[in-house]
Amino acid sequence: MSEFFPQIPVIPYKGDCACDPLSFHYYNPDEIILGKPMKDHLRFAMAWWHTLCAEGSDMFGPGTADKSFGVCKNDFMAHAKAKADAGFELMQKLGIGYFCFHDADIVDEADTLAETNRRLDEITDYIKEKMDKTGIKCLWGTCNLFSHKRFMGGAGTSPSADIFAYAAAKVKKAIELTVKLGGTGYVFWGGREGYETLLNTDMGLELSNMARLMRMAIDYARSIGFAGDFYIEPKPKEPSKHQYDTDVATACNFLRAYGLIDDVKMNIESNHATLAAHTFQHELRTASVNGVFGSIDANQGDLLLGWDTDQFPSDVFDATYCMLEVLKAGGFTNGGLNFDAKTRRMSYTLEDLAHGFITGMDTFALGLRKAAKIIEDGRLDAFVDERYASWKSGIGADIMDGKAGLKELEAYSLKKEPDLPMSGKQELLEGMINRIMFG
């Protein structure tokens, strides 16, 4: 079999002094960080859709990148197998151990559900063979319920019961494929589960139906032996003006309201946090304190643009703060860092794709190293402990233990005027982080 990336060798780790652009400068997979190999901390995954399908199109023009992989796209199965061959070649050369997929990514949808399912069975047989030969695993699967025009008004939230039923059938198949490929996660991404105007929307029905579909999916998956995690991937807008899973806090509220909070975690994307007017760090911390931290879509957005640009991550500060949250949350269980990222429209060669992954993997490797240094340094945690020390004894401990109510707190305050709180020292801490990272 001919190579799809003949110009790309197996990418080695050469260290931060190396000048070779086709090498890792910071990602050293076997390097031990806080007692665990770097590759196990990061659990990198390739997103099938951007890597093997996205051609660089935008609202003003068609694609610039050739993702035919030498096969006529009208020969659906041949093209699907060529994409798989290219994907596994690239993952092996980059040392990426996992992939993620939508059903529609791995083979084009047919005119009928039955034929689509037949194609999916055939291509997943092929993918499974490649997984067995290479040791590469499936991180998670999901279902495309947003591209086809039938889903213009949503899938689980569609005003049409027939479309809801069709969506449920697609979810059933996608779960079966995820189990077949050994995936340890299944993602619910509500690309069009939202609304454009409330003038034509029954919000209560749509929310309850979205919960119904999720409950059906969870129950069915467990019945066929799926033991992995379910994830919601929050996003505030685009393509819908207002999506029901706007951010982590909103998604948690939805899960609690419909009795799903014990069944579903979060797959958090950096660029979606940007669109929700949050930092990536905020969304990760919110998930952690609510007990729903699960997996990550690793990319970055452009703060000057109001849409999902899905750029390969290169911001070391963002990656450091991300990995600080991941480490403090105990690390990944079934999740990982999936590169939901694509090269820019003017970066249209397959070599550009490799450089995107190298940059993204190096960025998170460096972020992991720096996050570990911050933890090992200890000063940040010590400062936070000191700032909240009043809750560990005296009136603070009484409040925490439920020994003090409003009457007791009034009596306490009548006897003691409070001092100002301890200085937050944000400027000092930011400087300290800089010195830990670059000193």
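Checked against the 6.0 Å centroid threshold, Y220 and F226 do not count as a close aromatic pair. Between F317 and F438, the gap from one ring centroid to the other is short of 6.0 Å. Between H282 and Y321, the ring centre distance reaches or exceeds 6.0 Å.
Under the 30°/60° scheme for interplanar angles, the aromatic rings of F364 and F339 are found to stand perpendicular. Aromatic ring pairs are classed by plane angle as parallel below 30°, tilted from 30° to 60° and perpendicular above 60°; the pair F188 and Y186 is perpendicular. Taking the six-membered ring where the residue is Trp, F151 and H148 present perpendicular rings, their angle passing 60° and hence far from 30°.
At a cut-off of 3.5 Å, with distance as the only test, a side-chain donor of N334 or D229 sits close to an acceptor on the other residue. Using modelled atom types and a 3.5 Å distance limit, the side chains of R43 and Y98 yield a donor-acceptor pair. There is a side-chain donor-acceptor pair under 3.5 Å between D247 and T250. D105 and N144 share no donor-acceptor pair across their side chains, judged by distance under 3.5 Å alone. Using modelled atom types, one finds no donor on one side chain facing an acceptor on the other under 3.5 Å when comparing Q300 with S270.
Residues E269 and I296 are not in side-chain contact: their nearest non-hydrogen atoms beyond the backbone lie 4.5 Å or more apart.
Of the listed residues (R215, R222, R256), just one forms a salt bridge (charged side-chain N to carboxylate O under 4.0 Å, His left out) with D263, and that residue is R215. Applying the side-chain hydrogen bond (donor to acceptor under 3.5 Å, both in side chains) test between H272 and each of N299, D245, D308 identifies D308 as the sole match.
A salt bridge does not link R119 with D108: every distance from a Lys NZ or Arg NE/NH1/NH2 to an Asp or Glu carboxylate oxygen is 4.0 Å or more. Between K172 and E176, at least one side-chain nitrogen of the basic residue sits less than 4.0 Å from a carboxylate oxygen of the acidic one, meeting the salt-bridge criterion.
Taking the salt bridge (Lys or Arg N to Asp or Glu O under 4.0 Å) definition, one finds that E196 meets it with nothing, sequence neighbours left out.
The environment of K128 atom NZ is sparse: at most 12 non-hydrogen atoms of other residues, nucleotides or ligands sit within 6.0 angstrom.
In this structure a side-chain-to-backbone donor-acceptor pair under 3.5 Å is missing from S57 to G63.
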One pair to check against side chain to side chain contact (heavy atoms under 4.5 Å, CB included): N28 and F24. What are the steps and the verdict? CA-CA 7 Å; N28 182 9; F24 291 120; over 6 Å; no

